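Single-structure report; data block below.
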Protein chains: 2
Amino acid sequence: MSSETPAEHPCKPLLHRLQHFVDPGPDELAALALLTRDRRQATPNACLLREGDPGRTALLLCSGWALRQRTLADGRRQIMEFLLPGDMCDPGSFVTRRADSSVVAITAMQYARVPPDLLLETLRHAPGLGVCLWWMAAQHAAMMRSHLLAVGRMNARERIAHLVWELACRLDLLHDRPPRVYRLPISQELIADAVGLSVVHVSRTLCALERDGILHRHGHHWQILSRRRLRALANLPVAWPQRLPASLHDAPTALQPRTPSTRAVKPGETPQSTS
Amino acid sequence: MSSETPAEHPCKPLLHRLQHFVDPGPDELAALALLTRDRRQATPNACLLREGDPGRTALLLCSGWALRQRTLADGRRQIMEFLLPGDMCDPGSFVTRRADSSVVAITAMQYARVPPDLLLETLRHAPGLGVCLWWMAAQHAAMMRSHLLAVGRMNARERIAHLVWELACRLDLLHDRPPRVYRLPISQELIADAVGLSVVHVSRTLCALERDGILHRHGHHWQILSRRRLRALANLPVAWPQRLPASLHDAPTALQPRTPSTRAVKPGETPQSTS
DNA sequence: CGGACTGTTGATCAAGGTCAACCTCTGTGG
DNA sequence: CCACAGAGGTTGACCTTGATCAACAGTCCG
């Protein structure tokens, strides 16, 4: 088949991520290419979507980082999530009058706007993609719940460890092998607003993690020195992200499953157990 | 049509909620009835779904309250959300290997388990329901983001006000008119674990809200004395929940829109503006 | 060279946590 | 009918985590 040209595919990161789980056929590849018909650029701090906008369109990130946030009248803000290449931001917006949160570029980035009819058309061409999107949405919801758990019930150390671990896991999915050093283009202010702490305390806590030999940073380059201890701090109860359940591969409209030999092993994932 | 017998419909609360937004036809009513084929009972503290379960089934709550929670090894827990009659809990579970959170009954309750094929079959019979479920999922995601904002960036007073406001809005949707006094079958311990505070501090803060003439409670009966001040505290930027966007009513598979004369006015909702 | 932005460190402060006592209500069993 | 136990709520005293304010250092960029 013509499936061996991922390097030139317009939404490589999404593809790359999906390939950890399923093996897209030519139909799916062609359908995915459709999604990026309306491509755009954004520079740091540009607003892709503003709170209150009618914005009836999904966003598909191709390169660069963004974030979703909500702001209070007095300036306090909460960062809901960081958005990485390959992320598809809420198709839920199709069905909603006004956005409840803003999406802002962190780095220079490329993305596509996906209007509702285009998404529906794409799904008609490649129904198997529906399961993928559904799966991604479920993973996303689980991620949000983890985030809530961290912010609501963990202390500063744990919260930050949790965030770093989450980002590392997500970045791992964008590469063939877990990178040795991660590039996290986020300031400590962003970390603070994501985990609900003050900037100063984030700085202190990061220094402490570094002193304890768990992390190492310079600039935006981060290294995880002890995956074990970081993971323990992050308190992750279940493996995340999860694979598609096997039985879905057999559904009439599903994609072909990857054969075990070619399936990449995901980084922090323990196959079964919890602790 | 035969749409005037909601009193005997097996999932009245869901219906009631949907009727604030759309006008289900006979097909939709029949299809909804299908969903509750596998009905169950639960008593307080019963576990409908346990963290780590494979549980490939959605839950449709018919009566009573439940909650979704995640627990840490040392006993700390975060309540993700309270689940009310008419709530459909994550169809996302179809596509996921293991549940990331538990669902526990708060009161005695009735619910139905909805396996994947039943849901798909139902949607085949009444495609218009798909939009409804999608809309509910989008509302749900927005609610979770609000919750995260509250826990991450608000102080005790605001967090609790936020929670009470959210619950009141959701309960309003289950009745024809906003009730004068709400029945909230939740202990202060549950409130604490939902908003990320200690029980003691919840007690103090509630007493303060009562002293300030914003709330009144005895037992599980709550009255909102000043909707204005409660709403201001809760810091709600956009109207919630939102109506379906008008254009979706015109989609080929959509339900009939309610005529303006019969559409109920929703409680805390300002039609357009933010503050 | 000067300014903006980001990160680090110290000093002080306050919101909320913890511990403990006590109270009210409800249901239970004698 | 009362005694008792247990759960949930209230209040006080004290302590801890993290917020706030401020000064300063490093880096990038005009």
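All figures in this text were calculated on a predicted structure; none of them were measured in a lab. The sequence lines fix the lettering, A, B, ..., with proteins before strands; numbering per chain opens at 1.
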Q: Check if the side chain of A/Arg204 and the base of D/dT20 share a donor-acceptor pair of N or O atoms closer than 3.5 Å.
A: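 Flag set: donor-acceptor pair detected.
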Assign [X] to base, sugar-phosphate, or nothing according to its heavy-atom contacts below 4.0 angstrom with the strands shown.
{"X": "B/Leu197", "answer": "sugar-phosphate"}
{"X": "A/Arg157", "answer": "nothing"}
{"X": "A/Arg217", "answer": "sugar-phosphate"}
{"X": "A/Ser187", "answer": "sugar-phosphate"}
{"X": "B/Val200", "answer": "base"}

Starting from [atom2] on [N], measure out to [atom1] on [X] and report it in whole angstrom.
{"X": "B/Glu158", "N": "C/dG16", "atom1": "CD", "atom2": "C1'", "answer": "14 Å"}
{"X": "B/His218", "N": "C/dT24", "atom1": "NE2", "atom2": "C1'", "answer": "15 Å"}
{"X": "B/Ile106", "N": "D/dG8", "atom1": "CD1", "atom2": "P", "answer": "12 Å"}
{"X": "A/His201", "N": "C/dT8", "atom1": "NE2", "atom2": "P", "answer": "14 Å"}
{"X": "B/His221", "N": "D/dG9", "atom1": "NE2", "atom2": "C1'", "answer": "16 Å"}
{"X": "A/Asp193", "N": "C/dG7", "atom1": "CG", "atom2": "P", "answer": "12 Å"}
{"X": "A/Asn155", "N": "C/dG16", "atom1": "CG", "atom2": "C1'", "answer": "15 Å"}
{"X": "A/His220", "N": "C/dT6", "atom1": "NE2", "atom2": "C1'", "answer": "9 Å"}

(Q) Under 3.5 Å, is there a donor on one side chain and an acceptor on the other for B/Glu166 and B/His147? (A)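 The answer is no; no qualifying pair exists.
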Q.
Ignoring hydrogens and geometry beyond distance, is a side-chain donor-acceptor pair present between A/Arg70 and B/Ser146 at under 3.5 Å?
A.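 There is such a pair between these side chains.
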Q: Indicate whether OP1 or OP2 belonging to C/dT8 is found under 4.0 Å from a side-chain N or O atom of A/Ser203.
A: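 Checking C/dT8 against A/Ser203, a side-chain N or O does come within under 4.0 Å of OP1 or OP2.
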Q: Verify the contact: side-chain N or O of B/Gln188 to OP1 or OP2 of D/dA7, cut-off strictly under 4.0 Å; return yes or no.
A: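 Checking B/Gln188 against D/dA7: no side-chain N or O falls below 4.0 Å of OP1 or OP2.
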Q. Looking at A/Arg153, A/His162, A/Glu158, which one forms a side chain to side chain donor-acceptor pair (under 3.5 Å) with A/Asn235?
A.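 With A/Asn235 as partner, A/Arg153, A/His162, A/Glu158 yield a single side chain to side chain donor-acceptor pair (under 3.5 Å), made by A/Glu158.
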(Q) Both A/Arg153 and A/Val199 contact DNA chain C. Taking the nearest nucleotide for each, which residue is further toward the 5' end? (A)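 Here A/Val199 is the residue nearer the 5' end.
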Q: Find which nucleotide of DNA chain C each of A/Ile186 and B/Gly196 is nearest to by heavy atoms, and output the residue with the more 5' nucleotide.
A: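 Nearer the 5' end of the strand: A/Ile186.
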**Q.** Atom CZ of A/Arg50: over 12 foreign heavy atoms under 6.0 Å
**A.**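 Atom CZ in A/Arg50 is not packed in, count stays at 12 or less.
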Q | Nearest to side-chain heavy atoms of B/Ser198, which nucleotide of D/dG9, D/dT11, C/dG17 | A |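 Nearest to the side-chain atoms of B/Ser198, counting from C-beta on, is C/dG17.
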Q. Checking salt bridge (charged side-chain N to carboxylate O under 4.0 Å, His left out) for the pair A/Asp100/B/Arg145: CA distance, chi angles, key distance, verdict?
A. CA-CA 8 Å; A/Asp100 71 310; B/Arg145 284 191 286 260; 3.0 Å; yes
